[in-house]
Asks: 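A single structure is presented below for examination.
Each chain gets a letter, A, B and so on, in the order the sequences are listed, and its residues count up from 1.
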Protein chains: 2
Amino acid sequence: MSVMPSANESADDASEIWAVLRALFRDHRLRFLTAAGELNLHPAQAGALLQLHEPLPMHELAAKLACDKSNVTGLVDRLTARGLVTREPSASDRRVRQVMLTPGGQRARARLLAEVGAPARSAMRRLSAEEQRQLLALLRKATETESH
Amino acid sequence: MSVMPSANESADDASEIWAVLRALFRDHRLRFLTAAGELNLHPAQAGALLQLHEPLPMHELAAKLACDKSNVTGLVDRLTARGLVTREPSASDRRVRQVMLTPGGQRARARLLAEVGAPARSAMRRLSAEEQRQLLALLRKATETESH
DNA sequence: TATTGTTATACTCTATAACTATA
DNA sequence: TATAGTTATAGAGTATAACAATA
């Protein structure tokens with residue numbers, strides 16, 4: 001009564017896809033750690049720089065980093081001491097301090113992004129324009145959130 | 001003289017793919033941190049459990065975790081204190097100690113894998129068997145290493 | 001009352017260097 | 001000599017709880 005012989009193959013494909021993705025995750029993490037180390041940044045510090053594409057209040061930065069806000073105080077202290085970020089008081093709420101990148105922080109962030117994204121650019125070069133279109137469509141369908 | 005009008009579109013697709021992958025990486029990292037926290041494990045401890053699908057010498061575990069071997073001593077000490085791993089002397093080299101999961105460690109590892117992999121399983125359900133085949137083929141082509 | 005950011009505390013991670021015991 | 005693992009040390013991350021300033 002096996003009307004759908006592709007069911008098993010499908011499950012295998014899904015497992016294989018997950019294996020490929022896990023390898024991508026590992027590789028991405030290693031690239032990130034290496035890039036951070038080359039800049040003499042602790043992973044948490046590098047992660048903060050990547051989040052700061054726009055100024056963020058301390059507590060929002062804590063939320064993005066998935067850690068307690070008390071940790072962000074020292075983290076931003078040390079990034080400030082290295083001249084990579086500044087704390088600016090918020091105009092609308094005097095409790096809030098906006099953390100933003102200095103020019104040096106922007107340069108460090110750009111270097112991180114360039115190094116972490118390098119293998120992805122190589123990978124894309126292995127695909128034709130049509131294949132890239134297909135891949136994007138499939139990834140979007142697989143990851144699309146059901147926001148109706 | 002623009003003979004290839006798809007060049008620009010291709011670059012856009014590649015950027016979009018990279019954006020989707022970055023979102024996947026962030027989500028995966030957050031899932032991992034959450035799953036580790038629910039087990040009262042430090043991220044480094046959870047990472048060690050995930051690497052220990054097979055027994056590993058201390059220095060190999062250090063290599064997989066991309067950290068100095070001196071750190072692994074304390075890491076394994078604490079995992080041992082919690083009954084999640086054991087250190088067994090190697091039969092072939094008396095300098096080496098094999099780190100391996102206890103039954104409790106295997107349960108913790110299984111829980112981590114289940115929680116971290118959950119969104120990937122949901123994503124695969126959004127694709128047909130044929131689409132999964134296509135996605136796997138594209139990912140493999142994009143990530144294949146030129147080992148000739 | 002609730003929220004933002006800080007401080008205090010305790011534990012863990014991390015890199016470096018020096019040490020031992022093996023190879 | 002080189003390698004595996006440990007120890008010592010110093011700096012950084014992390015969670016929790018308590019606090020002052022502001023909303």
Asks: For DNA chain C, determine which residues of residues 94-101 of chain A have any heavy atom closer than 4.0 angstrom to one of its atoms, and list them numerically.
Replies: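 Hits under 4.0 Å, by residue number: A/Arg95, A/Val96, A/Arg97.
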
Asks: What pairs with A/Thr80 under side chain to side chain donor-acceptor pair (under 3.5 Å), at least two apart in sequence or on another chain?
Replies: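 A/Thr80: no side chain to side chain donor-acceptor pair (under 3.5 Å) contacts found.
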
Asks: Can you sort out the partners of A/Glu130 under side chain to side chain donor-acceptor pair (under 3.5 Å), two or more places apart, ordered by chain and number?
Replies: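 A/Arg133, A/Gln134.
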
Asks: Hey, does B/Val85 have a side-chain heavy atom less than 4.5 Å from the side chain of B/Arg87?
Replies: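 They are not in contact (no side-chain heavy atoms under 4.5 Å apart), so the answer is no.
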
Asks: To the nearest Å, how far apart are A/His42 NE2 and C/dT16 P?
Replies: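 About 13 Å, once rounded to whole Å.
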
Asks: Let me have the donor-acceptor pairs involving side chains of residues 20-47 of chain A, under 3.5 Å, with sequence neighbours excluded, atom names and distances please.
Replies:
unit_1  : atom_1 : unit_2  : atom_2 : d
A/Thr34 : OG1    : A/Leu30 : O      : 2.8
A/His42 : ND1    : A/Ala44 : N      : 3.2
A/Gln45 : OE1    : A/His42 : N      : 3.0

Asks: Which parts of residues 70-79 of chain B get close to DNA chain D, meaning a heavy atom less than 4.0 angstrom away?
Replies: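 B/Ser70, B/Thr73, in order of number.
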
Asks: Of all residues at least two apart in sequence or in a different chain, which pass the side chain to side chain donor-acceptor pair (under 3.5 Å) check with A/Arg82?
Replies: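 In terms of side chain to side chain donor-acceptor pair (under 3.5 Å), with neighbours along the sequence ignored, A/Arg82 is linked to no residue.
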
Asks: Mind checking what makes side chain to side chain donor-acceptor pair (under 3.5 Å) contact with A/Arg95, not counting sequence neighbours?
Replies: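 A/Arg95: side chain to side chain donor-acceptor pair (under 3.5 Å) contacts with A/Asp93.
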
Asks: With sequence neighbours excluded, give me every side-chain hydrogen bond (donor to acceptor under 3.5 Å, both in side chains) pair touching residues 66-76 of chain A.
Replies: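 Checked against side-chain hydrogen bond (donor to acceptor under 3.5 Å, both in side chains) - neighbours excluded - the pairs reaching residues 66-76 of chain A are A/Asp68-A/Ser70.
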
Asks: Table please: side-chain donor-acceptor pairs of residues 97-113 of chain B below 3.5 Å, with sequence neighbours left out.
Replies:
unit_1   : atom_1 : unit_2   : atom_2 : d
B/Thr102 : OG1    : B/Gly83  : O      : 2.6
B/Thr102 : OG1    : B/Leu84  : O      : 3.2
B/Thr102 : OG1    : B/Gly104 : N      : 3.4
B/Thr102 : OG1    : B/Gly105 : N      : 3.0
B/Arg109 : NE     : B/Leu49  : O      : 3.1
B/Arg109 : NE     : B/Leu50  : O      : 3.3
B/Arg109 : NH2    : B/Leu50  : O      : 3.2

Asks: Got a sec, which pairs hit salt bridge (Lys or Arg N to Asp or Glu O under 4.0 Å) with one end in residues 45-67 of chain A, sequence neighbours left out?
Replies: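 Not a single pair qualifies under salt bridge (Lys or Arg N to Asp or Glu O under 4.0 Å).
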
Asks: Quickly work out the A/Asn40 CG to D/dG11 C1' distance and round it to whole Å.
Replies: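 Computing the A/Asn40:CG to D/dG11:C1' distance gives 13 Å.
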
Asks: Report the distance from atom CG of A/Leu41 to atom C1' of C/dT14, rounded to the nearest whole Å.
Replies: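 Result: 14 Å.
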
Asks: With sequence neighbours left out, what residues match A/Glu131 under side-chain contact (heavy atoms from CB on, under 4.5 Å)?
Replies: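 In terms of side-chain contact (heavy atoms from CB on, under 4.5 Å), with neighbours along the sequence ignored, A/Glu131 is linked to A/Leu127, A/Ser128, B/Leu138, B/Lys141.
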
Asks: From CG of B/Asp93 over to P of C/dT22, roughly how many Å is that when rounded to an integer?
Replies: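 So the two atoms are 10 Å apart, to the nearest Å.
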
Asks: In residues 45-69 of chain A, what residues come within less than 4.0 Å of DNA chain D, judged by heavy atoms?
Replies: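 Here the set is A/Gln45, A/Cys67, A/Asp68.
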
